[in-house]
Amino acid sequence: MRLTSFTDFGLRVLMRMAGSPDQPFTTAELAEEFRVSRNHLAKVISSLSAIGYLDTRRGGGGGAMLARRPEDIRLGDVVAYLEADQALVECFLPGGVACTLTPHCRLKARLADAEAAFLADLNRSSLADCVYRPIEA
């Protein structure tokens, strides 16, 4: 299974914030630290805020911070949320009937089981297990 860069960035944001839970982070700071697009990261932060993983404040002294304790954020739940619009295969899409093997495909159920097992395995860990603290130079 391959995760999108959107999910990759989302996990990085959460891991970094878990390493400094009392520090608000601006999108610009995180984009520079991660060497990624500020605009793309802004969408990631907005999405994480919308689901309640982050609290955000505008203005001076503003930024984003974890809205939950790292122990309460399950990795599989984060991945499932951030990957919600990404179907593992075309036939998993709503209305995805272009596959000529449907309805006799014997692979679809196995792929669905594998995807569920992947997320369940990730949910055995919390964000607290993956805290990232940069090494101070």
* How far apart are the C-alpha atoms of Arg133 and Ser20, what are their side-chain angles, what is the distance that settles it, and do they pass the side-chain contact (heavy atoms from CB on, under 4.5 Å) test? -> CA-CA 7 Å; Arg133 293 179 186 92; Ser20 301; 5.8 Å; no
Can you name the closest pair of heavy atoms from [X] and [Y] and give their distance?
X      : Y      : result
Pro24  : Gly62  : CB-O, 3.9 Å
Gln23  : Met65  : O-CG, 3.7 Å
Gly52  : Ala67  : O-CB, 3.4 Å
Ala31  : Leu41  : N-CD2, 3.3 Å
Arg110 : Arg106 : NH1-O, 2.6 Å
Ala64  : Leu54  : CB-CD1, 4.3 Å

To the closest 0.5 Å, what do you measure between [atom1] ([X]) and [atom2] ([Y])?
X     : Y      : atom1 : atom2 : answer
Leu66 : Tyr53  : CG    : OH    : 11.5 Å
Asp77 : Leu82  : CG    : CG    : 11.0 Å
Phe6  : Asp85  : CZ    : CG    : 8.5 Å
Met15 : Asp129 : CE    : CG    : 11.5 Å
Leu14 : Arg16  : CG    : CZ    : 12.5 Å
Leu30 : Met17  : CG    : CE    : 5.0 Å

Indicate, with yes or no, if [Y] and [X] share a hydrophobic cluster defined by side-chain heavy-atom contacts under 4.5 Å among Ile, Leu, Val, Met, Phe, Trp and Tyr.
X      : Y      : answer
Phe9   : Leu122 : yes
Phe34  : Val131 : no
Leu127 : Phe118 : yes

* Asked: Between Thr26 (side chain) and Glu29 (backbone), is there a donor-acceptor pair under 3.5 Å?
  -> yes
Pairwise side-chain contact, [X] with [Y], heavy-atom cut-off 4.5 Å (strictly under):
X     : Y     : result
Leu11 : Val79 : yes
Arg69 : Pro21 : no
Ser47 : Tyr81 : yes

* Asked: Has Glu33 got more than 12 heavy atoms of other residues, nucleotides or ligands less than 6.0 Å from its CD?
  -> yes
* To do: Let me see the working for Arg124 and Asp121 under salt bridge (charged side-chain N to carboxylate O under 4.0 Å, His left out), right down to the final yes or no.
  => CA-CA 5 Å; Arg124 292 179 29 207; Asp121 189 63; 2.7 Å; yes
* Structure fact -> Residues at least two apart in sequence or cross-chain that pass side-chain hydrogen bond (donor to acceptor under 3.5 Å, both in side chains) with Thr4, listed by chain then number, are Thr7, Glu83
* Walk me through it: do Ser126 and Asp72 pass the test side-chain contact (heavy atoms from CB on, under 4.5 Å)? => CA-CA 7 Å; Ser126 73; Asp72 297 333; over 6 Å; no
* Do Tyr132 and Arg12 pass the side-chain contact (heavy atoms from CB on, under 4.5 Å) test, and can you show the C-alpha distance, the side-chain angles, and the key distance before you say yes or no? -> CA-CA 8 Å; Tyr132 173 78; Arg12 287 190 223 182; over 6 Å; no
* To do: Keeping to residues at least two apart or across chains, list the salt bridge (Lys or Arg N to Asp or Glu O under 4.0 Å) pairs with something in residues 35-60.
  => none
